[in-house]
Amino acid sequence: MNWHRIEFIIATAIYLFSLIFIYSNSIDHWGERYVASYMGCATVIYGVFALFTQWIWPCYFRKRKIELGAVLTLLLFFFSWIGLSVCVWIRHYAVYQSTAFWPHLTRGESLAVSLLLFLSLFAYEGLRHSIVLVRTSGRGLSKRIIQESLVVLGGGIAIFLFLLSLAESLAALWLSAVPYAYTIYALNIYWLLPLREKRHHSLVLYLAIAIGLSFVIFIPFGIFFLNVSRAAGAVFFFEWICIILIVIPLANLVYRRQKERIAQLVNLQLELGQTSADLSFLRSQINPHFLFNILNTLYGTALQEKADRTASSIQKLGDMMRFMLHENNQDKILLSHEVEYLRNYIDLQLLRTATSPGITVEHTIHDALSNTYIAPMLLIPFVENAFKHGISLQEKSWIKISLYEADGRLFFDVHNSIHRKPDSDPERRHSGIGLENVKQRLAMLYPGRHDLVIRETTQEFFIHLTVIC
């Protein structure tokens, strides 16, 4: 919910409250016409505020359409002047039975209120613009204090003007209490509470310092209130006690909540950094192992001394190396690029097994949609594992690979025979590293959005992977 909608809701709530307050407290004393005049004044002020803040200012002044905005503002000013004059005329008619309207239009009462209303509106928009400017340019503690001070000043002035129309004593109380309350709040949350935590002060010492400083700071505010409102001296201490009983516990609560949020953010940053480091480490484990297998394939091809096949192998290897250099460092790549990489790998392996009639490799890899993305090097470890453990040049071997996409889901199946390596083979101790890595990557990158099924018997190995892209 943006700020324009929030301020409109707040203004509407204040307007409705004002209508209820005026009607419920004045109908028995002043009469219907008298009450109608005050309700009309509230309606005019609310309408002017809504039109200016929700339409004229954002649509014209903010978009640099100054001339048209000034014309509309002038028309709105005349509307408020005439509307308030009508309300004043209704009130005078209820009291003096006066029927002449023109004197009330030329009299300075409604004109002064209209001028004060528009000055307040421009001051309000300027205050809000200053808050946005401070938010975008300032930094650190000074930015936050200035921003909060502007909010307190703007809200305090608006409520002060409303209270001034009701009773001067209430307005004086508000004018002295609000700046003092924010001063004590800022003093506690930005100085006393951090100082207590840093120096390990006891609660008694903290309260003694906070209450003593709050009383000294309250003296000029309290004297101002007593001089303006003509209240008794006991009110001085009553006002001070009420404010500190509210502000000091509130500052402690806000300070604890801020500490909890900062601790949560720090933990999230640490976890994110650890996850990034883990992913980089897993990728670094995958790449050298894969390159080692490809070099073995090229070595076997070169022994056959056929230039065409060697050239084809080198070309495919170049495409794969280019993929690893440019695509593998990204978080997400097009699925079509991953499919092309997978096909190149299978073609290179087929060059190695082409002269062995006992080896059968079947693959059905459908073309991927152009707008589907996936984490790089996510599928190749399964195919790599199949060729590593499922192919034997001395025994009958087979591999079946299937890959297709439907409704935003990727379905990948690898089914192969198993040929156990002898205990003396050094590669036996490293078997399964690629699969463990890809399991961890799936858990990190697709939590709750993948399904990996692995089945193994003495003669065959099967994996089924479903990923929601």
Side-chain angles (χ1 to χ4, degrees), residues 4 7-23 25-27 29-129 153-168 170-171:
H4 284 288
E7 69 179 358
F8 179 73
I9 293 174
I10 294 175
T12 303
I14 295 175
Y15 166 65
L16 295 176
F17 172 78
S18 301
L19 293 182
I20 295 172
F21 179 81
I22 293 171
Y23 183 81
N25 290 275
S26 305
I27 189 66
H29 303 284
W30 296 339
E32 293 183 356
R33 288 183 177 271
Y34 210 88
V35 173
S37 68
Y38 278 101
M39 296 178 70
C41 290
T43 303
V44 171
I45 293 173
Y46 169 73
V48 170
F49 175 85
L51 288 173
F52 186 79
T53 59
Q54 304 297 312
W55 177 47
I56 295 178
W57 185 273
C59 295
Y60 298 98
F61 286 104
R62 187 172 295 175
K63 295 182 179 180
R64 306 295 182 183
K65 300 177 182 179
I66 307 298
E67 295 82 2
L68 189 55
V71 171
L72 292 174
T73 302
L74 188 61
L75 291 175
L76 189 62
F77 169 75
F78 282 112
F79 164 77
S80 65
W81 181 15
I82 295 173
L84 292 174
S85 299
V86 171
C87 295
V88 173
W89 171 72
I90 293 174
R91 186 182 64 187
H92 278 75
Y93 181 82
V95 178
Y96 304 108
Q97 301 298 318
S98 174
T99 58
F101 170 72
W102 179 256
H104 299 289
L105 183 65
T106 57
R107 195 173 296 167
E109 185 177 1
S110 58
L111 179 61
V113 173
S114 298
L115 289 174
L116 180 62
L117 175 60
F118 275 84
L119 287 176
S120 302
L121 287 175
F122 277 101
Y124 169 75
E125 291 295 342
L127 182 64
R128 189 170 64 175
H129 181 71
L153 178 63
I157 290 176
I159 299 177
F160 169 75
L161 294 176
F162 175 74
L163 294 176
L164 189 61
S165 64
L166 299 178
E168 292 183 358
L170 290 177

Can you list the residues that meet the side chain to side chain donor-acceptor pair (under 3.5 Å) rule with Y60, with sequence neighbours excluded?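 Here no residue qualifies.
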Sole residue of L68, V71, T73, L75 in side-chain contact (heavy atoms from CB on, under 4.5 Å) with I56: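 Answer to the side-chain contact (heavy atoms from CB on, under 4.5 Å) test with I56 among L68, V71, T73, L75: T73.
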Starting at CG of L72, measure out to CZ of F52 and round the result to the nearest 0.5 Å. 10.5 Å
Write down the atom of [X], the atom of [Y], and the distance for their closest heavy-atom approach.
X	Y	answer
F49	A11	CE2-CB, 3.4 Å
A42	L19	CB-CD2, 4.3 Å
C87	G40	SG-C, 3.3 Å

Does any part of the side chain of V48, heavy atoms only, come nearer than 4.5 Å to the side chain of F77, both counted from C-beta? no
State, yes or no, whether a side-chain contact exists between I14 and I10 at a heavy-atom distance under 4.5 Å. yes
